[in-house]
There are 2 protein chains.
Amino acid sequence: MADANLEIETRLRDCGLRPTRQRIALADLLFAKGDRHLTVEELHEEASAAGVPVSLATVYNTLHQFTEAGMIRVLAVESSKTYFDTNISDHHHFFVEGRNEVLDIPINNLAIDNLPKAPDGMEIAHVDVIIRLREKKA
Amino acid sequence: MADANLEIETRLRDCGLRPTRQRIALADLLFAKGDRHLTVEELHEEASAAGVPVSLATVYNTLHQFTEAGMIRVLAVESSKTYFDTNISDHHHFFVEGRNEVLDIPINNLAIDNLPKAPDGMEIAHVDVIIRLREKKA
DNA sequence: CTAGGTGCAAAGGTTTTGCACTTTA
DNA sequence: TAAAGTGCAAAACCTTTGCACCTAG
């Protein structure tokens, strides 16, 4: 536990972020449980539940700082809320419509044929594949 | 011009929508110029510029009605604004980060290998591919 | 005439910001 | 003790809603 915190502290420091109590707690929640897809609201509630009172504003700020530092990624799946993904490796997502749930696509041999070239003066920053799911009618 | 309006009126009627002045004008703006990617705000401004005063609320309502009717599609590219796409055929997009611009991927032989199965009880509603672009540094 | 549509303004939800206070190094 | 981070509340967005008025069939 102390070890885990030390690891997180080091990681934050490496990203140029001061390891404050709030950032350590949030990073801990984010990375302790494997890959996660969270909204600001959800992380805020988890932090409160975990006995770490953090203001919503700080959660916003922190998640954006983590994003800039490349520790997490923003997912654009739905236009009302911002989802953050703790898995920054190259992978793609299911999105369950109606339930607003993001899932990793498990066995990732998904590939794209004939990926187009970027227009002149542009380069590809990232390719997102989102497979939208709906509940099957019985 | 009268012809075009008649066409649009018929189309709206077929979708169960009364062809009101506002809906005709908006449909006209949306479909007259080929495939487009617009926000509510942009369409509202275009309508005003075209001398068709329409309230923002009506643009929102109308675009949602058109979406439900299957005339247009919602694009989730960026989490702050909703983009609507007038091209409902199966195709994908570039998104220029920083400039917040949506472009169709032109020659569409893009294909996905090993598309995963939907989890139990779910079916695939739609697959979105978004290629995020950034300006190349010289 | 009447069901449906529109406009306005107000409310709702998410995200950002300003500023005083606190904490880290 | 500086410099950076945090919390609160207010503000800034984008979007939806309620209700009185208008309009197409």
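Values reported hereafter were calculated over all heavy atoms of this structure, with side chains retained and with hydrogens, waters and symmetry mates removed. Naming: A, B, ... by sequence-line order, numbering from 1 per chain.
When rounded to the nearest whole Å, the span between CD of A:Glu42 and C1' of C:dT14 equals 14 Å. As a whole-Å value, the separation of B:Leu12 CG from C:dG4 P is 16 Å. Rounded to an integer number of Å, the gap from B:Leu17 CG to C:dG4 P is 12 Å. Nucleotide C:dA25 holds its P atom 8 Å from the CD1 atom of A:Ile24, rounded to whole Å. One can place CG of B:Leu26 at 9 Å from P of C:dT6, the figure rounded to the nearest angstrom. If you take NE2 of A:His44 and P of D:dC8, they are 8 Å apart, rounded to a whole angstrom. Taking atom CG of A:Leu43 as the reference point, atom P of C:dT15 lies 13 Å away to the nearest angstrom. Regarding B:Glu78, its CD atom lies at a distance of 10 Å from the P atom of D:dT15, rounded to whole Å.
Note on A:Thr58: every side-chain N or O is 4.0 Å or more away from OP1 and OP2 of D:dT6. OP1 or OP2 of C:dG4 has not a single side-chain nitrogen or oxygen of B:Arg23 nearer than 4.0 Å. Contact check, A:Gln22 against D:dG7: a side-chain N or O comes under 4.0 Å of OP1 or OP2.
Taking the side chain of B:His64 as heavy atoms from C-beta on, and the options D:dT16, C:dT6, D:dT6, the nearest nucleotide is D:dT16. Here the nucleotide nearest the side chain of B:Thr82, chosen from D:dT15, C:dG5, D:dT6, is D:dT15.
Between the side chains of A:His91 and A:Asp85, at least one donor N or O lies within less than 3.5 Å of an accepting N or O. Side-chain atoms of A:His37 and A:Asn87 form no donor-acceptor pair, as typed in the model, at a separation below 3.5 Å.
Contacts of B:Ser80 with the nucleic acid, taken as non-hydrogen atoms under 4.0 Å apart, involve only primed sugar atoms and P, OP1 or OP2.
Using a 4.0 Å cut-off between charged side-chain N and carboxylate O, B:Glu46 and B:Arg36 make a salt bridge. Comment: B:Arg13 engages B:Glu9 in a salt bridge, judged by a side-chain N to carboxylate O separation of less than 4.0 angstrom.
For the residue pair B:Pro19 and B:Ile24, the shortest heavy atom distance occurs at O-CD1, 3.6 Å. Closest approach of B:Leu75 to B:His93, counting heavy atoms only: CD2-CE1, 3.5 Å.
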Using atom names, set out every protein N or O paired with an N or O of nucleotides 17-25 of chain D below 3.5 Å, distance rounded to 0.1 Å.
residue, atom, partner, partner atom, Å
D:dG25, OP1, B:Arg13, NH1, 2.7

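Under the 30°/60° scheme for interplanar angles, the aromatic rings of A:Tyr60 and A:His64 are found to be tilted.
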